[in-house]
Amino acid sequence: MKRRESTPASMPPVRRGTALDVSALPSYGFSHRSLMWWGNAGMMAIEGVAFGFMIVIYFYLRSLSKTWPDAGVPPDLLYGNINLAIILLSAIPNYLAGKAAINQDRQQVRLWLYACSFFGAALCFVRWYEFGALNVRWDDGVYGSVIWILLGLHTFNLVTDFADTLVLTAVTYAQPLEGKRFVDIAENCGYWYFVILTWLPIYVVIYWVARF
């Protein structure tokens with residue numbers, strides 16, 4: 001007697017000679033369903049490790065130095081505090097832009113991307129003055145080198161994401177606006193959270209650890 005093979009209960013029955021029509025399904029998805037999300041996550045992981053290494057190097061060099069900072073003068077707090085306030089406030093329009101992108105609301109996306117662009121421009125403007133308020137040149141010693149690299153790495157992320165936001169704002173005027181562009185906007189908003197969160201420990205290291 002021939003033994004019948006059992007089929008797992010979780011598997012749906014398959015009908016011979018029929019095919020599932022998926023032509024109406026979207027060709028894009030948000031969050032982890034998007035390849036852009038995974039690429040973004042990988043890039044943030046790599047850059048996060050780089051920031052972590054630089055902070056470890058900062059404390060290692062500090063442990064070897066008798067005087068820290070080298071010149072004995074820590075960075076001025078004014079511009080660092082202003083930038084901290086602006087970058088924290090930028091989380092509000094960034095959240096609303098990401099939410100509008102998921103809802104595929106073109107008008108709301110455009111509105112909040114304009115707000116994000118304004119905050120990005122303000123941050124870049126203040127960051128220019130931050131470099132001058134460090135009270136040390138990049139080549140004055142190990143202290144100057146490490147804090148300039150820390151601030152420079154974060155500035156690179158800040159400027160590139162600001163430029164990306166400007167491009168995506170312009171893209172919202174495209175006719176028609178493809179659905180995958182909303183995915184791009186949502187992922188750009190996700191990367192901005194990374195810019196915000198990485199600034200918090202860098203701010204503490206640059207502006208406060210030197211005062212301890």
Side-chain angles (χ1 to χ4, degrees), residues 39-95 97-98 113 115-168 187-212:
N40 215 24
M43 185 168 61
M44 289 188 290
I46 294 171
E47 293 177 349
V49 170
F51 284 130
F53 276 135
M54 285 309 305
I55 291 174
V56 170
I57 291 171
Y58 175 96
F59 282 101
Y60 173 72
L61 294 174
R62 185 175 186 267
S63 69
L64 298 178
S65 301
K66 295 180 179 180
T67 303
W68 195 266
D70 296 338
V73 182
D76 297 335
L77 287 173
L78 176 61
Y79 293 111
N81 288 342
I82 292 175
N83 229 343
L84 177 64
I86 295 174
I87 203 168
L88 291 176
L89 288 173
S90 71
I92 299 173
N94 185 68
Y95 167 78
L113 283 181
C116 291
S117 300
F118 170 79
F119 276 97
L123 286 166
C124 291
F125 178 78
V126 176
R127 180 57 56 83
W128 175 268
Y129 288 96
E130 271 190 274
F131 280 101
L134 292 177
N135 295 323
V136 66
R137 285 171 49 90
W138 65 271
D139 56 351
D140 282 345
V142 292
Y143 168 77
S145 297
V146 72
I147 65 170
W148 270 76
I149 291 175
L150 262 178
L151 197 60
L153 287 174
H154 189 267
T155 301
F156 176 78
N157 289 351
L158 174 64
V159 172
T160 54
D161 197 78
F162 168 56
D164 196 23
T165 301
L166 292 178
V167 172
L168 290 172
E187 296 311 321
N188 182 68
C189 293
Y191 186 81
W192 188 256
Y193 289 125
F194 173 75
V195 174
I196 295 173
L197 292 175
T198 51
W199 175 240
L200 300 180
I202 294 173
Y203 165 80
V204 172
V205 168
I206 292 177
Y207 289 98
W208 291 103
V209 171
R211 288 176 157 79
F212 293 158

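Since the model is a prediction, treat every value here as computed from it, not as a measurement. In what follows, every heavy atom counts, from backbone to side chain, and hydrogens, waters and symmetry copies are set aside.
- Legend: residues meeting side chain to side chain donor-acceptor pair (under 3.5 Å) with Ser90, ordered by chain and number and at least two apart, are Trp192.
- Closest non-hydrogen pair, Ser65 versus Val142, comes out as OG-CG2, 4.3 Å.
- In this structure, CG on Leu61 lies 12.0 Å from CD1 on Ile147, to the nearest 0.5 angstrom.
- Among residues two or more places apart in sequence or in another chain, the side chain to side chain donor-acceptor pair (under 3.5 Å) test is passed with Thr155 by Arg127.
- Qualifying side-chain contact (heavy atoms from CB on, under 4.5 Å) partners for Phe59, counting only residues two or more places apart in sequence or in other chains: Ile55, Val205, Val209.
- Under the 4.5 Å side-chain criterion, counting only non-hydrogen atoms from C-beta, Leu84 is in contact with Leu88.
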Can you list, pair by pair, the side-chain donor-acceptor contacts under 3.5 Å of residues 72-82, counting residues two or more places apart and other chains?
residue, atom, partner, partner atom, Å
Asp76, OD1, Asn135, ND2, 3.1
Asn81, OD1, Tyr203, OH, 2.3
Asn81, ND2, Leu77, O, 3.3

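- Under the side-chain contact (heavy atoms from CB on, under 4.5 Å) criterion, Asp164 pairs with Leu168, Asn188, not counting sequence neighbours.
- By the neighbour-count criterion of 12 heavy atoms within 6.0 Å, atom CH2 of Trp68 is densely surrounded, having more than that number from other residues, nucleotides or ligands.
- Rounding to the nearest 0.5 Å places CZ of Phe156 at 14.5 Å from CG of Leu151.
- Within the 4.5 Å cutoff, the side chain of Ile87 has heavy atoms near those of the His154 side chain.
- Evaluation of the side chain to side chain donor-acceptor pair (under 3.5 Å) test over residues 141-152, restricted to residues two or more places apart or in two chains, returns none.
- Under the side chain to side chain donor-acceptor pair (under 3.5 Å) criterion, Asn83 pairs with Glu130, sequence neighbours left out.
- The local environment of CZ in Phe212 is crowded, with over 12 non-hydrogen atoms from other residues, nucleotides or ligands closer than 6.0 Å.
- Ring pair Phe51/Phe194 is tilted by interplanar angle, where 30° to 60° counts as tilted.
- A distance of 9.5 Å separates CD1 of Ile196 from CG of Asp161, quoted to the nearest 0.5 Å.
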Could you go step by step and tell me if Phe131 and Trp138 meet the side chain to side chain contact (heavy atoms under 4.5 Å, CB included) rule? CA-CA 10 Å; Phe131 280 101; Trp138 65 271; over 6 Å; no

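- Under the ring pair (Phe, Tyr, Trp, His ring centres under 6.0 Å) criterion, Phe162 pairs with no residue at all, not counting sequence neighbours.
- Evaluation of the side-chain contact (heavy atoms from CB on, under 4.5 Å) rule for Phe125 yields Tyr129 as partners, not counting sequence neighbours.
- Between the CG atom in Leu113 and the OG1 atom in Thr165 there is a gap of 6.5 Å [rounded to 0.5 Å].
- Phe119 meets the ring pair (Phe, Tyr, Trp, His ring centres under 6.0 Å) test with no other residue; sequence neighbours excluded.
- Considering OG1 of Thr67 and CZ of Arg62, their distance stands at 11.5 Å, rounded to 0.5 Å.
- Listed by chain and residue number, Ile57, Val146, Ile149, Leu150, Leu153 satisfy the side-chain contact (heavy atoms from CB on, under 4.5 Å) test with Met54 (two or more places apart in sequence, or in another chain).
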